[in-house]
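Working notes, structure below.
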Amino acid sequence: MKIGIYGGTFNPPHLGHFEAAKAAIDTLGLDKLLLIPDSVPPHKDMPDRSPDGAHRLEMTRLMADALQKPGVVEVSDLEMERAGKSYTSDTLAQIHAQYPEAELWLLMGTDMYLTLHQWHEPEKVLKLARVCAFGRAAGDTREVFDRQVDHLAKTYGAVTQLITIPNLVEVSSTQLREQLAAGQGGADLLPAVYGYILRKGLYGTHADLTHLDIPELRACSYSMVKQKRVPHIRGTEEEAMRLARRWGADEKVAQRAAILHDCTKYLSLEEHLALCRQYGVETDELEQRAVKLLHAKTGACIAKYVFGESDEVYEAIFWHTTAKADMTLMEKILYMADYIEPNRAFDGVDEMRRLAYTDLDRAMLMGIEDAVEEMTQRGYPIHKSSVQAQAWFRSHGSTDAKEAEK
Ligand code: ATP
């Protein structure tokens with residue numbers, strides 16, 4: 001088994017780290033990659049106002065999730081849990097004890113590689129692991145590494161593999177910390193990491209969460225969900241805007257509602273119930289055990305009370321899962337966009353898409369009927385709002401088509 005070990009201060013993790021990790025997994029054919037944020041970096045002082053280890057761990061987890069290699073990429077809190085300076089020799093000894101048969105590969109950029117002989121116990125480091133080194137800048141050609149490759153091989157018997165990062169990003173956390181404090185830097189961060197920084201107000205960002213522009217709102221939303229959900233959220237955003245345009249609704253409102261509609265999707269039942277209590281949302285007996293139903297309600301609360309969104313956005317998100325009788329146009333648009341966005345594939349989706357642009361109420365009825373039928377087949381209880389929605393849309397014809405014809 002080949003295990004890559006990528007340590008750093010990750011203060012914050014940026015696209016340079018992300019691309020390096022991706023390249024190492026692919027080039028070395030790693031079975032596992034451990035991302036290990038250090039607790040007390042031995043080689044540099046932690047800058048003032050650095051977020052605590054828990055934030056750096058969380059941001060590194062977001063980067064790991066964005067690599068989309070479940071079962072391969074893991075974040076380890078091994079150095080956070082260990083007292084004192086975070087020496088790589090100690091970390092490697094711990095990992096070696098845990099995986100005695102594994103081939104360990106230590107990943108590092110130019111700066112770290114060229115100073116490796118000055119690290120604590122380099123002989124132990126280079127006995128326990130091979131090194132995968134990569135340039136951090138376009139100017140870091142092979143010649144930059146050559147002498148050190150020879151020196152480490154002769155002195156410690158080190159094995160080095162030099163790799164090239166196909167999408168090199170020339171950025172450092174130091175630059176980013178400065179840019180973030182000046183209200184910039186988003187472009188060199190994964191959106192989820194950027195959103196996390198904004199939400200937590202790290203690095204002196206002081207963003208007003210109630211007046212975010214679209215890229216920042218997206219970043220915040222993506223920082224709250226698993227990255228595999230992002231294409232769906234993006235698809236819902238596009239579809240909601242298209243539907244709003246078609247039916248004469250406010251595109252911006254539809255867009256913001258879509259961006260935030262699933263932001264609490266991954267909370268636990270306890271977290272949902274705590275948010276409902278905090279924001280005074282009543283829950284019935286069925287909702288109290290159904291995370292899927294609760295995420296619409298709590299998502300609406302976060303949209304309104306954290307991100308300052310309007311009541312129209314709140315209501316659209318609130319009803320996007322169960323639907324209800326007599327929905328507003330915006331509520332229907334979000335419900336339908338979530339159902340038919342371009343990533344969705346199910347029997348009848350083409351017909352539903354066609355109806356959504358020709359007769360929105362009939363598309364709604366089709367969606368609600370399908371959802372109720374599926375839940376019935378699976379033996380799930382049907383929420384009363386969905387039952388009422390079904391009855392309402394059955395008894396009310398295609399009002400939107402009539403309105404559009406006017
Ligand atoms: P700082 O600016 O705070 O010193 P940094 O950007 O160098 O931070 P670290 O967390 O210290 O980031 O780096 C961890 C590892 O990632 C190191 O091995 C470093 O060489 C490597 N690395 C950092 N930035 C890049 C980059 N842009 N491209 C490739 N590798 C990088």
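Both counts, for ligands and for their atoms, begin at 1 and track the order of listing.
- For the 3.5 Å distance criterion, the side chains of Thr236 and Glu341 fail to qualify, holding no donor opposite an acceptor.
- A side-chain donor-acceptor contact under 3.5 Å links Glu143 and Thr141.
- Other residues, nucleotides and ligands contribute more than 12 heavy atoms inside 6.0 Å of the NZ atom of Lys2.
- Atom NZ of Lys297 is separated from atom OH of Tyr279 by 16.0 Å, given to the nearest 0.5 angstrom.
- If you check the side chains of Ser268 and Glu271, you find a donor sitting under 3.5 Å from an acceptor.
- Ring pair Tyr113/Phe145 is tilted by interplanar angle, where 30° to 60° counts as tilted.
- Protein residues having at least one heavy atom under 4.0 Å from any atom of ligand 1 are Tyr6, Gly7, Gly8, Thr9, Phe10, His14, Gly16, His17, Lys44, Met108, Gly109, Asp111, Met112, Phe134, Arg136, Ile165, Val169, Val171, Ser172, Ser173, Thr174, Arg177, listed by chain and number.
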